[in-house]
Structure formats: structure tokens, C-alpha cells
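Every value quoted in this text rests on a predicted model; they were computed, and no experiment measured them.
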Amino acid sequence: MSLSVLRAMQLADSGFPTGGFAFSWGLESAVADGQLDRRSLADWVAVELRSRWHRGDRVALAGGHRHEGAALTRWFDTVDSLMPVDRLRRDSLDAGDALFAAARALRIPMDPGACAAQAAGIGHFAVAHGSFLRRCGLDLLSALAASAFGMARGAFSAAVRLGLAGAISTQRDLLALAPLMAELATAPAPDDLPSGFMPLSDVALMRPRDGRLFIN
């Protein structure tokens, strides 16, 4: 087995502190409001993969993987300027800060351009994740696959912690979505920009709610 495969397995593992564990990206509020149940959970995750991840995070991560130095800082700034939802922007920065902290604790040096972006308050998670995965030795396609799997796994993990689904059923759904993740984890064109339109989950993650288990 190649070292890159072992690294990808570790970096996609739920125990790795990427900064996303405390986020449900709207799933918690959607469950509380009756917009999501066990039967529709896999469809919800599939839509998030096709829209939020494929159109947004995938493109942002690819730029983070491709760029270095000042060009990487400019890419962080570009992604920041394209964040349409202030709550999502702040959550992305919080998750990014957690990833930077994990990198420091693990003694994995981040690119100077990424560090400059964090210092400027634009250290968004998806871009930082791409740069981080490159620093860990993953090529772009492996980094994208790890990211897609991490997004789906995180959503299903949130569902289990919310009592919406069980560990076995979510693993079955995760396995069923593997072909979709493989289909979506393709390299975007170098001039692509992050986009996306996810009104249901965006409204859900912005809705205030007392007694939250997750940040959003």
C-alpha cells in the first residue's frame, strides 16, 4: 500500500481534528424543524455533495492545493469575497482556525500564504484544507476524495449524534454514496470560482436555536 493512500485514510478519518466536528451545516435545525428525517437523510447528503461541496468547497479546496505563497493568500481573499452568507463565512473561518491549530499541534507547517490569510482574518476552512492536504503529501485528486468523504461522513456523524439515524444505517448510506463522491471528486478548471445555491440548508444553519448540540 502506498504512503499516500495511508495518509489519505488518516486525513479522512473522523478522529482527525479538521475543525468540522462541531458543525452540522444546517442539519440540526432541519431535523428540529421537521424538514429532514431518517428516510430523506441520504438524499440531503447527496444534495449537499452536489451543491455545497462540488460547486463550492471542491473549487475552493483545489485552489488552496494548487497555489502557494502570495497567490495562495489572494485565493483566500477571492473565496472570502464570494461568501454570500455571513453566518456561513464566520463558521468557515472558525473551522479554518481549528485546522490551523491542529496543523501547529501536529507540527505540519502551513504555507506562508495560508498563514498570512489567517492573520488577515480570511483563513477559510476549504482553502486551508486544500493547502494542508498538499503539505501532508496528497495529490489533488486524493485531497478532493478525502474532502468529499469527510463532508459526507461529517453529516452522517451529526445525524447519529442527533439521534436521527443509527451507526449501521449511516454506514450503509455512506457506502451507497461512494460512487457519487468518486464521480464528483474531479479537478475543477484553474479559472473556476466557488459558487452554490443551497437555500434549504443555508436558511437552516442561519436560524437561531437554543440548546444547540452543534455550532450551526
Side-chain angles (χ1 to χ4, degrees), residues 4-27 44-68 72 75-76 78-80 82-83 88-89 91-100 102-103 106 108 110-111 114 117 123-158 170 173-175 177-190 192-196 198 201 205 216:
S4 63
V5 172
L6 290 172
R7 284 175 171 165
M9 291 170 63
Q10 179 189 10
L11 297 169
D13 185 78
S14 60
F16 194 87
T18 61
F21 186 79
F23 298 84
S24 79
W25 305 111
L27 190 146
W44 170 283
V45 177
V47 169
E48 288 292 290
L49 282 167
R50 291 184 182 278
S51 53
R52 185 184 304 281
W53 185 83
H54 185 256
R55 299 176 185 174
D57 289 359
R58 176 185 68 110
V59 181
L61 185 147
H65 191 281
R66 287 169 170 155
H67 295 304
E68 296 179 276
L72 178 56
W75 180 246
F76 272 100
T78 297
V79 171
D80 182 72
L82 294 172
M83 285 279 182
L88 183 60
R89 177 182 181 275
D91 289 347
S92 173
L93 292 173
D94 288 344
D97 285 342
L99 178 57
F100 278 100
L106 294 169
I108 299 172
M110 294 292 281
D111 187 281
H124 289 288
F125 173 75
V127 185
H129 199 199
S131 182
F132 175 77
L133 292 176
R134 175 177 175 169
R135 289 276 170 156
C136 290
L138 269 64
D139 61 38
L140 178 56
L141 292 181
S142 296
L144 291 170
S147 173
F149 181 82
M151 180 269 160
R153 183 213 62 222
F156 285 125
S157 175
T170 54
D173 287 340
L174 189 59
L175 184 62
L177 286 174
L180 174 62
M181 288 184 269
E183 173 191 338
L184 296 178
T186 57
D192 280 357
L193 293 175
S195 63
M198 298 76 63
S201 58
L205 71 86
N216 60 35

Can you find a pair of side-chain heavy atoms, one from [X] and one from [Y], that are under 4.5 Å apart?
| X | Y | answer |
| --- | --- | --- |
| Thr186 | Leu144 | no |
| Leu93 | Met83 | no |
| Phe132 | Met110 | yes |
| Leu174 | Met181 | yes |
| Val59 | Val79 | no |
| Val127 | His67 | no |

Rounded to the nearest 0.5 Å, how far apart are [atom1] of [X] and [atom2] of [Y]?
| X | Y | atom1 | atom2 | value |
| --- | --- | --- | --- | --- |
| Leu184 | Ser147 | CG | OG | 11.0 Å |
| Trp44 | Asp173 | CH2 | CG | 15.0 Å |
| Asp91 | Phe125 | CG | CZ | 12.5 Å |
| His124 | Asp97 | NE2 | CG | 10.5 Å |
| Leu61 | Leu140 | CG | CG | 7.5 Å |
| Phe149 | Leu177 | CZ | CG | 10.5 Å |

So, for [X] and [Y], which heavy atoms are closest and what is the spacing to 0.1 Å?
| X | Y | value |
| --- | --- | --- |
| Leu49 | Ala152 | CD1-CB, 4.3 Å |
| Arg66 | Ala187 | NH2-CB, 3.8 Å |
| Ala114 | Phe76 | CA-CE1, 3.6 Å |
| Pro194 | Trp75 | CD-CH2, 3.9 Å |

Can you tell me if [X] uses its side chain to pair, donor with acceptor, with the backbone of [Y] under 3.5 Å?
| X | Y | value |
| --- | --- | --- |
| Arg134 | His65 | yes |
| Ser157 | Arg153 | no |
| Arg89 | Asp80 | no |

key: For Arg135, salt bridge (Lys or Arg N to Asp or Glu O under 4.0 Å) partners two or more places apart   = Asp111

